[in-house]
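We number each residue from 1, following the sequence as shown. What you are looking at is a predicted structure, and each value in this text was computed from that prediction instead of being measured.
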Amino acid sequence: QVHLVDSGGGLVQAGGSLRLACEGSGRTLSYSAMGWFRQAPGNKRDIVAAISGTGFRTYYADSVKGRFTVSRDNAKNTIYLQMNSLKPEDTAVYYCAAASTGYLVITETQYNYWGQGTQVTVSS
């Protein structure tokens with residue numbers, strides 16, 4: 001069983017930056033692909049970024065390419081999402097998730113464990 005705790009959300013002005021963190025406990029995340037998803041009110045949950053177990057492969061949604069960076073520190077059992085040049089449309093609850101495979105995966109159904117979510121609000 002994996003327990004994930006998201007943190008780092010908050011209120012920021014457009015153009016600002018935030019760094020989200022997701023710390024895992026219960027077992028090592030070194031063999032798990034990890035993803036960041038977000039859900040805005042009235043919208044479905046969408047993938048934002050993902051990283052393979054080794055960290056060698058990453059994926060970004062088109063809407064965040066060039067602005068967001070996903071990374072992992074397997075020694076700390078933690079993944080990060082660095083978000084720069086934030087826009088009001090980035091406002092959402094952000095969730096990290098762990099997959100049962102180390103291969104890069106990007107569909108929600110391939111993730112088995114989820115954090116509780118952290119709110120990101122970007123003001124214009």
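Side-chain contact between P88 and Q13 is absent, with no heavy-atom pair separated by less than 4.5 Å. For the pair R72/T78, no side-chain contact is recorded, criterion being any heavy-atom separation below 4.5 Å from C-beta on. At a threshold of 4.5 Å between non-hydrogen side-chain atoms, the residues V120 and M83 count as touching. Side chains of F68 and D90 form a contact here, defined as non-hydrogen atoms less than 4.5 Å apart. With contacts defined as side-chain heavy-atom distances shorter than 4.5 Å, the pair Y103/R57 does not qualify. Considering only heavy atoms from C-beta on, T58 stays 4.5 Å or farther from L104 through its side chain. A 4.5 Å side-chain heavy-atom check between I79 and W36 finds at least one atom pair inside the cut-off. Counting only heavy atoms from C-beta outward, the side chains of R38 and L20 never approach each other to under 4.5 Å.
By the side chain to side chain contact (heavy atoms under 4.5 Å, CB included) test, V12 is found to be paired with L18, L86, V122, residues two or more places apart in sequence or in another chain being considered. Under the side chain to side chain contact (heavy atoms under 4.5 Å, CB included) criterion, K65 pairs with Y60, D62, sequence neighbours left out. Residues satisfying the side chain to side chain donor-acceptor pair (under 3.5 Å) criterion with S17, sequence neighbours excluded, are N84. For Y95, there are no side chain to side chain donor-acceptor pair (under 3.5 Å) partners at least two apart in sequence or on another chain.
No continuous path of ILVMFWY side-chain contacts below 4.5 Å connects V48 to V105, so the two sit in separate hydrophobic clusters. In the hydrophobic clustering of ILVMFWY residues, with side-chain heavy atoms under 4.5 Å counting as a link, Y111 and Y94 come out apart. Placement of V70 and I47 in two distinct hydrophobic clusters is found when ILVMFWY residues are connected by side-chain heavy-atom separations under 4.5 Å, directly or transitively.
Summarising the geometry, atom CD belonging to Q119 is positioned 7.0 Å from atom OG1 belonging to T91; distances are rounded to the nearest 0.5 Å. Going from atom CG of L81 over to atom SG of C96 covers 10.0 Å, rounded to the nearest 0.5 Å. Remark: S71 OG to M34 CE distance equals 11.5 Å, nearest 0.5 Å. Atom NZ in K87 sits 4.5 Å away from atom CZ in R67 (nearest 0.5 Å). Annotation: the span from Q116 atom CD to C22 atom SG amounts to 8.5 Å, rounded to 0.5 Å. The line from CG of L29 to CG of N74 is 7.5 Å long, rounded to the nearest 0.5 Å.
S32 places a side-chain N or O within donor-acceptor distance of the main-chain N or O of A99, the cut-off being under 3.5 Å. T118 places no side-chain N or O within donor-acceptor distance of the main-chain N or O of S7, the cut-off being under 3.5 Å.
Listed by first then second residue, pairs satisfying side-chain hydrogen bond (donor to acceptor under 3.5 Å, both in side chains) with a partner in residues 42-56 read K44-D46, R45-E108, S52-T54, not counting sequence neighbours.
Summarising the local packing, CD of E23 is surrounded by 12 or fewer heavy atoms from other residues, nucleotides or ligands at distances under 6.0 Å.
Chaining together hydrophobic side chains whose heavy atoms lie under 4.5 Å apart leaves V5 on its own.
Residues F37 and W114 bring their aromatic ring centres within 6.0 Å.
With a 6.0 Å cutoff to the six-membered ring centre and a 45° limit on the axis angle, R19 counts as a cation-pi contact of Y80.
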